[in-house]
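As a basis for the values below, the full set of heavy atoms in this structure was taken, side chains included, without hydrogen atoms, waters or symmetry mates. Only a predicted model underlies this, so the values are computations on that prediction, with no experimental measurement involved.
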There are 4 protein chains.
Amino acid sequence: MPTILGQNQYGKAENRVVKITREGDTHHIKDLNVSVALSGELDEVHYSGSNANVLPTDTTKNTVFAFAKEHGIESAEQFGILLAQHFVDSCEPITKARIRVEEYDWERIETSEANSKFIGADDVRHSFVRKGAETRTAQITYDGEGFQVFSGLKGLTVMNSTNSEFWGYIKDRYTTLREDYDRILATEVTSVWRHSWDGGDKRRPNWEKSYQQTKKHMLHAFAETYSLSLQQTLYQMGSRVINSRAEIDEIRFSMPNKHHFRVDLEPFGIKNETADGAVYYAADRPYGLIEATVLRDGAEALIPVDMTNL
Amino acid sequence: MPTILGQNQYGKAENRVVKITREGDTHHIKDLNVSVALSGELDEVHYSGSNANVLPTDTTKNTVFAFAKEHGIESAEQFGILLAQHFVDSCEPITKARIRVEEYDWERIETSEANSKFIGADDVRHSFVRKGAETRTAQITYDGEGFQVFSGLKGLTVMNSTNSEFWGYIKDRYTTLREDYDRILATEVTSVWRHSWDGGDKRRPNWEKSYQQTKKHMLHAFAETYSLSLQQTLYQMGSRVINSRAEIDEIRFSMPNKHHFRVDLEPFGIKNETADGAVYYAADRPYGLIEATVLRDGAEALIPVDMTNL
Amino acid sequence: MPTILGQNQYGKAENRVVKITREGDTHHIKDLNVSVALSGELDEVHYSGSNANVLPTDTTKNTVFAFAKEHGIESAEQFGILLAQHFVDSCEPITKARIRVEEYDWERIETSEANSKFIGADDVRHSFVRKGAETRTAQITYDGEGFQVFSGLKGLTVMNSTNSEFWGYIKDRYTTLREDYDRILATEVTSVWRHSWDGGDKRRPNWEKSYQQTKKHMLHAFAETYSLSLQQTLYQMGSRVINSRAEIDEIRFSMPNKHHFRVDLEPFGIKNETADGAVYYAADRPYGLIEATVLRDGAEALIPVDMTNL
Amino acid sequence: MPTILGQNQYGKAENRVVKITREGDTHHIKDLNVSVALSGELDEVHYSGSNANVLPTDTTKNTVFAFAKEHGIESAEQFGILLAQHFVDSCEPITKARIRVEEYDWERIETSEANSKFIGADDVRHSFVRKGAETRTAQITYDGEGFQVFSGLKGLTVMNSTNSEFWGYIKDRYTTLREDYDRILATEVTSVWRHSWDGGDKRRPNWEKSYQQTKKHMLHAFAETYSLSLQQTLYQMGSRVINSRAEIDEIRFSMPNKHHFRVDLEPFGIKNETADGAVYYAADRPYGLIEATVLRDGAEALIPVDMTNL
């Protein structure tokens with residue numbers, strides 16, 4: 001046969017699992033989208049169609065739901081660790097498991113005391129409204145020896161309405177852009193960061209706190225950077241995270257420049273200066289796209305280049 | 001010619017206008033998506049292609065951006081009122097204008113004092129993160145005599161993790177569903193409500209406050225209703241809004257039942273009881289879809305049936 | 001109670017039913033997305049939560065799948081007629097049923113004889129590739145007495161790369177657009193048309209042929225109209241359909257003007273004339289949106305204005 | 001500074017360029033979405049915000065449009081080669097360029113002679129309808145020395161309504177799936193393949209013909225494989241392409257198993273056997289996801305694992 005099989009993996013993608021935990025009348029939600037990908041001794045299923053080494057994707061789905069009940073969902077990362085370990089350790093031909101998770105966040109609907117006299121619901125601790133902002137992500141890989149844990153987020157849209165400039169760039173035959181000393185800087189952040197914890201002796205991070213703090217540092221660095229380029233802002237964000245969070249060794253960003261063009265109102269005899277509060281056109285396409293990795297000095301770069309564009 | 005022209009309208013849709021207002025170093029954002037639809041003496045452009053009565057859609061776009069600067073954007077509704085009035089009053093052949101608006105909400109990035117020593121940004125009041133939850137909507141219609149103003153929202157996803165039952169329904173040959181005395185009730189609310197203000201002597205609502213209060217009442221009624229059917233919950237939500245907000249005469253909802261099915265874990269010897277905190281599968285399609293209008297007694301039903309499905 | 005219930009309906013939306021029919025080794029597919037909406041004596045389920053008059057949406061789902069097997073799917077329209085009639089005629093409190101259908105089209109994968117020696121599949125008549133162009137739609141309503149049948153399509157994207165002009169329009173203070181004597185005209189057609197058949201003595205249309213012919217006339221009229229406005233093209237399309245298809249009394253279109261702007265290459269010393277074959281920028285938003293109904297003279301306008309924007 | 005910059009790139013994404021070519025009254029379309037990503041000596045723009053080495057993304061956009069006019073668009077691949085070479089060869093600090101392209105296909109609207117008497121359009125050769133099926137893709141990378149060219153497609157949805165089985169798999173505690181000897185096999189193919197041509201002496205492929213033939217082989221192998229697993233079908237598709245096209249050394253697939261579940265109609269006393277033509281429920285999520293690379297024996301694996309999931 002003049003062709004051979006290369007890298008391959010399979011599993012059930014996008015298992016939408018919701019776990020409710022009850023503490024008396026107070027409920028808690030974990031709302032995840034879990035994707036399983038398994039690799040191993042799988043040549044024959046490709047070459048001859050023999051499924052002798054195949055744990056069906058349907059079984060991987062069942063396992064996700066059963067584990068949610070048996071072990072609960074402490075965090076996306078911890079749940080992924082349990083699942084990855086299970087598939088490799090319990091199924092002989094499977095030598096590697098990769099679990100990807102998206103997590104959707106909910107917050108409580110706060111009801112006033114005044115309202116509690118309505119209808120008869122005296123103490124409402126089981127009502128939630130979904131926060132629509134960023135989606136939290138995680139990827140856990142296990143190969144029977146060690147773990148690799150990525151955390152991340154996507155869909156975090158941020159804007160500085162000033163303190164951004166763009167000038168001093170290369171001009172060639174095709175350049176028409178004018179330099180700008182007061183522009184809007186807006187982007188929709190996708191980011192993936194790598195924890196140094198690998199399943200060994202190092203202290204396991206507090207995944208929930210680590211996520212909240214990383215996001216906070218990212219937002220603060222975005223807000224506080226007087227920006228001469230989106231690349232500079234990106235680097236500040238990554239640098240801030242690495243410097244502030246000892247458990248993180250590497251972070252990658254994909255940041256589209258969500259262009260807000262100041263509208264030319266001169267034809268109508270109207271000035272549209274930034275200092276007076278300007279009107280902008282929010283463009284869809286095309287958009288600048290800035291991507292980069294920031295590393296702790298000495299750390300290895302392990303986050304794939306396209307990981308943040310999935 | 002045996003065919004004739006019926007209802008028709010035209011205009012520029014989805015003008016993405018962003019207005020920044022500056023109060024010293026503190027900035028404010030209005031971020032809208034504005035669609036214009038004009039009607040009037042437009043037979044000839046259809047029959048012969050004569051554009052003599054046509055204000056180009058490009059001009060309607062320019063007007064949206066120019067008005068944002070000339071008049072500011074006080075609220076989606078107020079901006080729509082100005083635009084609708086302008087097109088009808090200033091352009092002879094145009095006898096009716098309908099402005100639809102989507103509004104995207106942003107909140108400030110709060111930075112701690114501790115952080116303000118970084119980078120040199122001492123007081124950050126121009127940095128925002130987009131709230132991703134519901135999109136606010138509005139539709140303003142003007143025909144030269146009066147206004148009709150709808151406000152609304154879409155994409156507001158809510159869940160009660162208990163206090164919902166479903167039983168006592170019709171059983172026929174095709175019924176397999178089992179009655180349920182403790183289920184999750186989740187929906188993604190789309191709603192449109194009609195203000196009684198029509199441009200006449202009645203006091204013009206405070207559009208911003210009216211929206212916030214309407215949404216709050218909707219959420220509270222959802223949370224506080226012990227539900228025997230999604231229809232009942234819907235009616236309570238509508239009724240609460242009408243009873244609480246004197247300026248609103250009619251409200252319509254489209255509420256998909258976002259099914260969360262309790263997973264059968266019996267085959268694995270695992271109990272999955274709601275009382276212990278159950279695991280659910282969040283389904284995509286199909287979904288129940290519940291739609292209804294609630295009216296102030298004596299009010300006319302004017303919100304089109306499909307308005308909430310656009 | 002100072003609030004009352006207005007128009008309301010409920011049912012299971014987006015039942016994704018696929019029916020395979022086998023004629024020996026030759027298979028045929030019908031691939032539909034069916035949504036059910038029922039109305040009737042449903043006040044109590046809203047007021048008190050009593051489900052005594054409610055046929056569960058889960059049962060309406062089961063019915064869709066069972067009917068696909070019991071009756072087959074001759075066409076989207078015929079299937080909708082059977083379902084609508086069933087719900088109203090078999091369930092006392094239900095007085096009106098509305099069935100909406102989307103249909104996805106597949107075509108056979110043609111395999112050459114030369115290939116048939118591979119693998120052992122000697123005669124491949126059960127392999128299909130999904131056509132991704134327009135989606136066919138239908139809406140069938142039944143109230144116990146008569147039927148109303150709409151057919152339609154969405155997502156049919158067409159372009160004339162010349163034979164389109166736009167000039168002679170109104171100019172006001174906000175007009176900057178230049179007249180154009182050779183532009184691209186492109187649109188994504190959404191259309192709904194109403195059959196005069198209402199369940200009475202009139203001959204029932206051949207739904208499959210009617211659809212194919214209507215689409216063909218629409219495309220031909222688009223291609224053959226030298227256009228002075230998109231409205232003119234729309235009217236020609238509607239008029240051609242009404243004049244060519246006796247079974248259709250009314251047709252409505254929603255046609256976004258998918259702008260293709262000729263790029264200004266002057267700054268680079270490059271001419272970009274249409275006559276030489278120009279380069280265009282295909283814009284996303286905003287876009288002109290042209291909507292209109294065309295009627296057979298004397299026919300009643302019954303297609304809702306927003307029906308084509310769902 | 002304890003952090004350092006890792007892999008980085010920037011450019012303008014999603015330039016929607018449409019090129020019309022005229023041969024007398026016969027027009028031709030090329031409709032592309034072009035994304036530019038540049039790398040090189042770009043540390044300073046990240047560290048200090050200096051743009052001295054930055055060719056603005058706006059300039060890369062202008063270049064795409066200007067090149068479409070100056071050089072035409074022979075094929076997605078050839079256009080990408082020209083652009084990649086330009087950026088690296090003309091801009092000192094840029095050492096690597098990666099061009100990604102999506103191509104949308106249009107076909108002519110065929111009008112009958114009978115129709116040509118309408119309206120006055122005697123010979124319609126400039127009217128098109130967009131084919132909605134798969135999107136063609138390409139990625140061209142140039143580093144100043146050699147090229148790497150990937151071609152591909154996404155959104156090609158195919159179905160075999162029989163000749164697919166699934167049995168003989170591993171059973172563990174969480175397995176509930178029943179073996180199936182006659183199931184539907186449906187998938188939405190995403191594929192990327194690598195040409196061996198690298199800019200050196202090897203004959204440059206005919207990109208258009210290569211694409212059409214590769215797609216054809218893929219479809220034929222899908223149709224002609226009696227399938228015992230989706231992995232087997234995938235491998236047959238890849239193997240067929242490599243064996244049939246000498247210019248291609250490597251191909252990768254991402255193939256979701258678009259599950260069509262046979263509906264259980266037993267509760268209604270209805271048999272739903274495949275042999276009689278069954279009814280299926282087309283599920284959305286979760287879905288099996290099968291991914292693999294197939295290589296010419298001896299070839300190097302260079303297509304990134306996640307490339308087919310972008």
Practice item. Measure distances from Asp31(D) to the heavy atoms of chain C and classify the residue's part below 4.5 Å as side chain, backbone, both or neither. Key: neither
Study note, to complete from the structure: Cut-off 4.5 Å, heavy atoms of chain C, and the answer for Glu70(D) is side chain
Exercise for review: Assign the ring pair Trp106(D) / Phe128(D) to parallel, tilted or perpendicular, where the plane angle (0 to 90°) is split at 30° and 60°.
Suggested key: perpendicular
Exercise for review: On the 0 to 90° scale, with breaks at 30° and 60°, tag the Tyr281(D)-Phe65(C) ring pair as parallel, tilted or perpendicular.
Suggested key: perpendicular
Check your understanding: At their closest point, which heavy atom of Met218(D) faces which heavy atom of Val189(D), and how far apart are they?
Key -> SD-CG1, 4.2 Å
Exercise for review: Could you tell me whether a side-chain N or O of Thr60(C) sits under 3.5 Å from a main-chain N or O of Thr57(C), the two making a donor and an acceptor?
Suggested key: yes
Review point. Has the side chain of Asn15(C) got a donor or acceptor atom that lies under 3.5 Å from a matching backbone atom of Lys12(C)?
Key: yes
Review point. Looking at CD of Glu107(C) and CD1 of Ile29(C), how far apart are the two atoms once the value is rounded to the nearest 0.5 Å?
Key: 11.0 Å
Mind checking whether [X] and [Y] have side chains closer than 4.5 Å, heavy atoms only?
X: Arg240(C); Y: Arg245(C); result: no
X: Phe79(C); Y: Val101(C); result: no
X: Arg16(C); Y: Asn33(C); result: yes

Check your understanding: Is a salt bridge present between Arg125(C) and Glu23(C), judged by a nitrogen-to-oxygen distance below 4.0 Å?
Key -> no
Among the options [options], pick out the one with the most heavy-atom pairs lying under 4.5 Å from chain C.
options: Gly132(D), Ala66(D), Ser161(D), Ala283(D); answer: Ser161(D)
options: Leu219(D), Ile73(D), Thr274(D); answer: Thr274(D)
options: Val64(D), Thr21(D), Thr162(D), Asp284(D); answer: Thr162(D)
options: His260(D), Lys19(D), Met159(D); answer: Met159(D)

Point to revise | Flag for Lys216(D)-Gln213(D): side-chain donor and acceptor within less than 3.5 Å | key: yes
Exercise for review: Using only heavy-atom distances, determine whether the side chains of Thr233(C) and Thr225(C) contain a donor-acceptor pair under 3.5 Å.
Suggested key: no
Practice item. Tell me the residues of residues 263-271 of chain D whose non-hydrogen atoms fall below 4.5 Å from those of chain C, in number order. Key: Val263(D), Leu265(D), Phe268(D), Ile270(D), Lys271(D)
Exercise for review: Can you tell which part of Ala278(C) gets under 4.5 Å to a heavy atom of chain D, answering side chain, backbone, both or neither?
Suggested key: backbone
Exercise for review: Could you walk me through whether Phe87(D) and Leu55(D) pass the side chain to side chain contact (heavy atoms under 4.5 Å, CB included) test, one step at a time?
Suggested key: CA-CA 9 Å; Phe87(D) 290 120; Leu55(D) 188 70; 3.9 Å; yes
Review point. When heavy-atom pairs shorter than 4.5 Å are enumerated against chain D, which of Thr157(C), Asn62(C), Asp276(C), Asn272(C) gives the highest number?
Key: Thr157(C)
Review point. Taking only heavy atoms into account, what residues of residues 180-188 of chain C are found under 4.5 Å from chain D?
Key: Asp182(C), Ile184(C)
